[in-house]
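Ligands are counted one by one from 1 in listed order, and the atoms in each one are counted from 1 as well. Because only heavy atoms are used, hydrogens play no part in the values below, and waters and symmetry mates are left out as well, while side chains stay in.
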Amino acid sequence: MCGIVGYVGPQDALDVVLEGLRRLEYRGYDSAGVAVRIGDGASGELASAKKAGKLANLEKLLADSPLPASTIGIGHTRWATHGGPTDRNAHPHLSADGRVAVIHNGIIENFAALRTECERRGVEFASDTDTEVTAHLLAVAYDELPAGPDRFAEAMRVVCRRLEGAFTLVATHADEPDTLVAARRNSPLVVGIGETADGTAEYFLGSDVAAFIAHTREARELGQDQVVEIDRTRGLSVTDFSGAPAEPTAYTVDWDAAAAEKGGYDWFMLKEIAEQPRAVADTLLGRLGENGQLVLDEVRLSDQDLRDIDKVFVVACGTAYHAGLIAKYAIEHWTRIPVEVEVASEFRYRDPVLDRSTLVVVISQSGETMDTLMALRHAKDQKARVLAICNANGSTIPRESDAVLYTHAGPEVAVASTKGFLTQVVACYLVGLFLAQVRGIKYEDEVAAIVEDLRGLPDQVAQVLEQMEPVRALGRSLADSNTILFLGRHVAFPVALEGALKLKELAYIHAEGFAAGELKHGPIALIDEGTPVVVVVPSPRSRESVHGKVVSNIQEVRARGARTIVIAEEGDEDVVPYADHIIRVPRTPTLLAPVVTTVPLQVLACEIADTRGYDVDQPRNLAKSVTVE
Ligand code: F6R
């Protein structure tokens, strides 16, 4: 949700910033803009350019009207909150005197009062955004401070102390030839530290490390309510909002620029779907010990803490929430601890019953989703233990949790989550099995066998991927559909929800997922002659004949004219008479089946969206990381 880049170093700043924006565009694509500081000596000028729409529009503008060369610059790609997606509202925003340029991610909740204050001083606003006040306030604060090396950072601290809400701010000043300042509260910001071939130091700011991964993997994680200054000669310095020095956490990014490239695929989403066997394998790596035992080093809760747990909440948004729904089936079955699953945006507002013996598992690919972060904080306020399942090292959610289990999916660039989801599901299994192991196990043999079955998942996902050509052909034939329904029971129900979400967000087709048994209680009325219905069928070995019931559900919808698309295990012949199309998946234990059955639904949605001519990686109205509530 808004991508932010800043650069100070010997290279051409505009080149570095634009390259960073290309890698961050998945965070928002309503508009893009850049500002550079030009001129020799202490007093220079700012030059900026901004354009509504995708980054390509800005690049075209810059090709027609280039900005002067500079070695210090900032750039922004926007997901609109305050003010429509227009040129006028695109960032950067400049102060009235044109000496300060600011880019922002988040929402400044008290902007209206601050705007009135600025207007009373005679400032005329040039946009409808909440951001612009910060540029005016920063210019005033800077002018009121005495000259000195800390002046710009102190001005930023003065402003931040007045702001409410969530913000990452990065600013450049015409009088500061060597320095950028930035601040963060509840929104992401990381620093990159690099060196050019001739040994000259260079510094980067980014919403995430993708912004500078082509230049350095050395990153610094900032804490909450911190101001950072990057200076050509003085390097990096971090303080809190009151000016007390703070130490950022150093880490090395464990992937490189190639991991964030399309690698020959038409879409990032296709590449990320194809990476899933590797992503699942990496998430399991080092965690499956001998004799069916699990090794989870990053869980910083003691065995006694885990034994004391009497209730689990799983809290997440969107696709991650669907992973949480699958977790419920697995964790309850293996541990016999009650599990509730809830969308993060609802969780804290209904005052859930939490205490020291509650484990709250928050799931977030980005580690920055504001709804999930707020739910986490609420859980901690209530003294619950919080375990994060997260993909992004250095992000806020794992930093604020008591324990973290990283999924090792690698960077996910496509807005629609694929490998992020599969690895979240696998991480949920690991949490469930680990809890079972620590607390004593009811189904001891079954749990030991499942640990072994997990080892087979990467190959099974690879087998599914080898058979996707007919699924793509099927997708092309469904591209004109008005509605597609998805049905599943047991763990296949969340898979149906996930299939419907993928289709909605990518192909803009009305899609709904239902628990197959609920259909007859109303939604079956939606079925008309030819309505495509995708049914995710549980294994014939699933408990209490769920399989048989779903086969009956297929017959019910077919009898009413549905075109049935059935995802079924190899060897399941019961579905054959009722399926217009069958997509086969390998035999997998019931609780693990979502890892294989989800994959064809991802491919189907991607192909339908592509056939309809949509941008698969950047669907309309969406952004990858939702950092506002
Ligand atoms: C859908 C999708 C979103 C995210 C949701 C949570 O394809 O990607 O629904 O799953 O916004 O994001 P994270 O996992 O980053 O918290």
Checklist entry - Which bit of Glu368 is near ligand 1, meaning a heavy atom under 4.0 Å away: side chain, backbone, both or neither? => result neither
Next on the checklist: Under a 4.0 angstrom heavy-atom cut-off, which atoms of ligand 1 come close to Gln365?
Outcome noted: 13 (P), 14 (O), 15 (O), 16 (O)
Checklist entry - Of the protein's non-hydrogen atoms, which lies at the shortest distance from atom 7 (O) of ligand 1, and what is that distance? => result Glu505 OE2, 2.5 Å
Checklist outcome for this item: Ser364 heavy atoms within 4.0 Å reach ligand 1 at atoms 13 (P), 14 (O), 15 (O), 16 (O)
Checklist entry - Which residue and non-hydrogen atom of the protein lie closest to atom 6 (C) of ligand 1, and at what distance in Å? => result Cys317 O, 3.4 Å
Checklist entry - Quick one: nearest non-hydrogen protein atom to atom 12 (O) of ligand 1, plus distance? => result Thr369 OG1, 3.5 Å
Next on the checklist: I'd like to know if the side chain of Thr216 and the backbone of Glu218 have a donor-acceptor N/O pair within less than 3.5 Å.
Outcome noted: yes
Next on the checklist: Can you name the atoms of ligand 1, numbered from 1 with element, that are less than 4.0 Å from a heavy atom of Ala416?
Outcome noted: 7 (O)
Checklist entry - Is there side-chain contact between Leu601 and Val534, with at least one heavy-atom pair below 4.5 Å? => result yes
Checklist entry - Which of the atoms of ligand 1 are close to Val415, meaning less than 4.0 Å from one of its heavy atoms? => result 8 (O)
Checklist outcome for this item: Judged by heavy atoms only, the candidate from Val343, Ile397, Thr319 nearest atom 2 (C) of ligand 1 is Thr319
Next on the checklist: Parallel, tilted or perpendicular, judged at 30° and 60°: which one describes the rings of His76 and His91?
Outcome noted: parallel
Next on the checklist: Determine whether Ile363 and Cys428 satisfy the following criterion, side chain to side chain contact (heavy atoms under 4.5 Å, CB included), listing intermediate values before the conclusion.
Outcome noted: CA-CA 9 Å; Ile363 309 176; Cys428 288; 3.6 Å; yes
